[in-house]
Amino acid sequence: NAGVTQTPKFRVLKTGQSMTLLCAQDMNHEYMYWYRQDPGMGLRLIHYSVGEGTTAKGEVPDGYNVSRLKKQNFLLGLESAAPSQTSVYFCASMLTGLYGYTFGSGTRLTVV
Amino acid sequence: DAKTTQPPSMDCAEGRAANLPCNHSTISGNEYVYWYRQIHSQGPQYIIHGLKNNETNEMASLIITEDRKSSTLILPHATLRDTAVYYCIVRVQNTGNQFYFGTGTSLTVIP
């Protein structure tokens, strides 16, 4: 039982490049979330999903897109990376609203 | 969701109880109090949550005042591994069930 797995763990992008971050969970959780955390700050919600095939915007969705084609996977895409998107990205999942999140270990992204 | 207020930092001696306060004076009747912690750049870890009764699990105890306007997370015997940022979040169970994290309390356990 791996929990929540994020790939890759580290990535350096050039401005304007695109990439996809993958979040996979093996706990049959309905809810999945993407957050970013900038140095010295709390986590900010980017997008989330309440079930397979659904997505919704969070606090800071601009510059990101997401997809949840399979229940176990939640993909976060950056179409044209900008230095302002340099951050640590965390994925989380949750079984139902009665519980807390299970987080992945994060993806450290640097855009130069 | 109601706003929470936490002290930015606290110290606690190793082996002693760590009591982390959280003020949520505008909490409404259907909002739960959740606590998470984040140890040095790792993904946050869920600790405990409650509605109005005190709660205890293997990690901590949560004490919610009778008027529900504040709560305290108690780590009964703090260890160096409890050094982390602790987040208190008030949340209503809704469609998205999303959590909004503030800046939390940075707890340092001192040897």
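In the hydrophobic clustering of this structure, B/I74 does not group with B/I64; members are Ile, Leu, Val, Met, Phe, Trp, Tyr whose side-chain heavy atoms approach within less than 4.5 Å, directly or through other members. When hydrophobic clusters are built by joining Ile, Leu, Val, Met, Phe, Trp and Tyr residues whose side-chain heavy atoms come closer than 4.5 Å, directly or via intermediates, B/Y86 is grouped together with B/V109. Put simply, A/L13 and A/I46 are part of the same group of oily side chains (I, L, V, M, F, W, Y) that touch within less than 4.5 Å, one to the next. Both B/I89 and B/V85 are members of a single hydrophobic cluster when ILVMFWY side chains are connected at heavy-atom separations under 4.5 Å. Criterion: ILVMFWY side-chain heavy atoms under 4.5 Å apart, direct or through other members. Under it, B/L20 and B/I47 are part of a common hydrophobic cluster.
A/F90 places none of its side-chain heavy atoms less than 4.5 Å from the side chain of B/Q42. At least one side-chain heavy atom of A/F103 sits less than 4.5 Å from a side-chain heavy atom of B/Y36. By the 4.5 Å heavy-atom criterion applied to side chains, A/V88 and B/S41 are not counted as neighbours.
Interface remark: of the candidates A/M94, A/M41, A/Q6, A/R44, A/M94 forms the most heavy-atom pairs closer than 4.5 Å to chain B. Of the listed residues (B/S106, B/G43, B/G102, B/G104), the greatest number of heavy-atom pairs within a distance under 4.5 Å of chain A belongs to B/G43.
Between A/Q37 and B/Y87, the shortest heavy-atom contact is NE2-OH, 3.5 Å.
Checked against the 6.0 Å centroid threshold, B/F101 and A/Y35 count as a close aromatic pair.
More than 12 heavy atoms of other residues, nucleotides or ligands shown are found within 6.0 angstrom of OH on B/Y46. Other residues, nucleotides and ligands place more than 12 heavy atoms under 6.0 Å from the CD atom of A/Q17.
In this structure, chain B has a heavy atom under 4.5 Å from the side chain of A/L45, while its backbone stays farther away. Looking at A/Y33, only its side chain comes within 4.5 Å of chain B, counting heavy atoms on both sides.
Separating the OH atom in A/Y101 from the CG atom in B/N97 is a distance of 8.0 Å, to the nearest 0.5 Å.
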